[in-house]
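This report refers to the structure that appears directly beneath it.
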Amino acid sequence: QSLLNFAVLLPIFISCELIADRTPASLRRQASLLVAAVLGGILSLAIFYHRYMPVALHIHKGTPMPEAEIKAEKDRIRAASLSPEDLAPENDDPDAGPDLDLWRGLRKGARRMYRFYGPFSPVIPVGLVLVLRCVTGSRRRFVLAWASTYVVLNLASGGLPGPNLVRYNKDLEIVAPLACLCLGMIGQRLWRRTRLLGAVYMLAFFLFGMFRAYAALTEKFMGS
């Protein structure tokens, strides 16, 4: 998924650069960036992702993996203790469908953003506008490419027929630093306008974060 993120981000950014600036210096920069990205991908495969190659080979050959028999035995034991209602298949991904539906992908992106940032999710696009006003040239194009990566990943995972290979991408992770910057820009603007608004904004986000942390703690570690 991490490789997928960069495979989406870099082509968008390089394309924006080629459209906006075709000077020899810019072309050399983009060529260097492309070479660095390819070498980084190869290095990632060599150091980390090589462990997934046996899985890909088993899938290509159509042979079961060593763990398949263990899982099948566990499934048989579990099935023997469940009722027919419990064994009924569940749709664990409401954002997957057999057809092409770009609106479904956009809906998935909006829902995931709200699930993570809650009531602060509508603030992020406003903060993005403020960030874009503070940067120019390649930096602005990079921010635009960075933000659009989130949209493209969700269009691919939710809009394409699925379940698909990009179903579980790291869309929120790749834009998390940018989202934090956008939220911070809003806080700075409110603080400059009146410190009371800035203080209320920061306190509200602090309480939101504490509530989410408490909910995660009780759900995952205390079982409540």
Side-chain angles (χ1 to χ4, degrees), residues 1-9 12-13 90-97 100-135 139-160 162-224:
Q1 289 88 347
S2 297
L3 283 176
L4 173 65
N5 287 351
F6 284 100
V8 173
L9 171 61
I12 295 176
F13 175 61
E90 296 181 359
N91 182 16
D92 61 345
D93 189 356
D95 298 308
L100 175 66
D101 188 348
L102 297 182
W103 171 246
R104 185 177 62 227
L106 293 175
R107 188 174 63 243
K108 177 181 179 180
R111 180 160 45 242
R112 284 176 56 78
M113 184 67 69
Y114 181 80
R115 188 179 303 163
F116 195 79
Y117 294 100
F120 290 89
S121 53
V123 177
I124 295 177
V126 180
L128 179 62
V129 174
L130 297 180
V131 173
L132 291 173
R133 289 180 178 178
C134 297
V135 292
R139 289 192 177 97
R140 175 177 289 180
R141 291 188 287 272
F142 180 76
V143 171
L144 284 172
W146 194 359
S148 63
T149 300
Y150 181 82
V151 179
V152 172
L153 287 172
N154 279 281
L155 285 177
S157 62
L160 296 178
N164 50 52
L165 293 177
V166 294
R167 180 183 184 185
Y168 301 112
N169 56 53
K170 296 184 180 295
D171 52 342
L172 287 169
E173 287 81 352
I174 192 174
V175 296
L178 180 59
C180 292
L181 180 60
C182 295
L183 292 169
M185 290 292 292
I186 294 295
Q188 183 188 52
R189 180 62 61 91
L190 292 175
W191 183 266
R192 287 181 176 178
R193 178 165 298 182
T194 165
R195 292 189 175 182
L196 178 60
L197 283 177
V200 170
Y201 175 82
M202 289 185 287
L203 178 62
F205 191 81
F206 173 78
L207 293 176
F208 169 74
M210 293 298 294
F211 174 78
R212 283 295 182 89
Y214 175 79
L217 179 66
T218 55
E219 178 183 355
K220 295 182 179 180
F221 296 101
M222 299 181 183
S224 60

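Starting from 1, each residue takes its place in the sequence as its number.
Residues passing the side chain to side chain contact (heavy atoms under 4.5 Å, CB included) test with Phe208 are Pro119, Phe120, Phe205, Arg212, sequence neighbours excluded. With sequence neighbours excluded, the residues satisfying side chain to side chain donor-acceptor pair (under 3.5 Å) with Arg104 are Asp99. Here Val151 pairs with Leu106, Leu155 under the side chain to side chain contact (heavy atoms under 4.5 Å, CB included) rule; sequence neighbours left out. Qualifying side chain to side chain contact (heavy atoms under 4.5 Å, CB included) partners for Leu4, counting only residues two or more places apart in sequence or in other chains: Val8, Leu153, Val166, Asn169.
Looking at heavy atoms from C-beta onward, Leu100 lies in side-chain contact with Leu102 at the 4.5 angstrom threshold. Here the side chains of Phe13 and Leu144 are not in contact, with every heavy-atom distance at 4.5 Å or above. Considering only heavy atoms from C-beta on, Pro122 stays 4.5 Å or farther from Tyr117 through its side chain.
Note that the CD1 atom of Ile186 and the CE atom of Met202 stand 13.5 Å from one another [nearest 0.5 Å]. Rounding to the nearest 0.5 Å gives a distance of 5.0 Å between CG of Leu9 and CD1 of Ile174. Between atom SG of residue Cys182 and atom CD1 of residue Ile124 there is a gap of 6.5 Å, rounded to the nearest 0.5 Å.
The side-chain hydrogen bond (donor to acceptor under 3.5 Å, both in side chains) analysis of residues 176-201, with sequence neighbours excluded, yields no pairs. Residue pairs meeting the salt bridge (Lys or Arg N to Asp or Glu O under 4.0 Å) criterion with at least one member in residues 105-120, sequence neighbours excluded: Asp95-Arg111, Arg112-Asp171.
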Problem - Leu178 and Tyr150: CA distance, side-chain angles, deciding distance, side-chain contact (heavy atoms from CB on, under 4.5 Å) verdict - result: CA-CA 11 Å; Leu178 180 59; Tyr150 181 82; over 6 Å; no
Under the side-chain contact (heavy atoms from CB on, under 4.5 Å) criterion, do Arg140 and Cys134 qualify, and how do the steps go? CA-CA 8 Å; Arg140 175 177 289 180; Cys134 297; over 6 Å; no
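Atom CZ of Phe6 has 12 or fewer heavy atoms from other residues, nucleotides or ligands within 6.0 Å.
The two residues Asn164 and Ser157 come nearest to each other via the heavy atoms ND2-O, 3.4 Å.
No donor-acceptor distance shorter than 3.5 angstrom exists from the side chain of Asp101 to the backbone of Leu160, with no hydrogens or angles considered.
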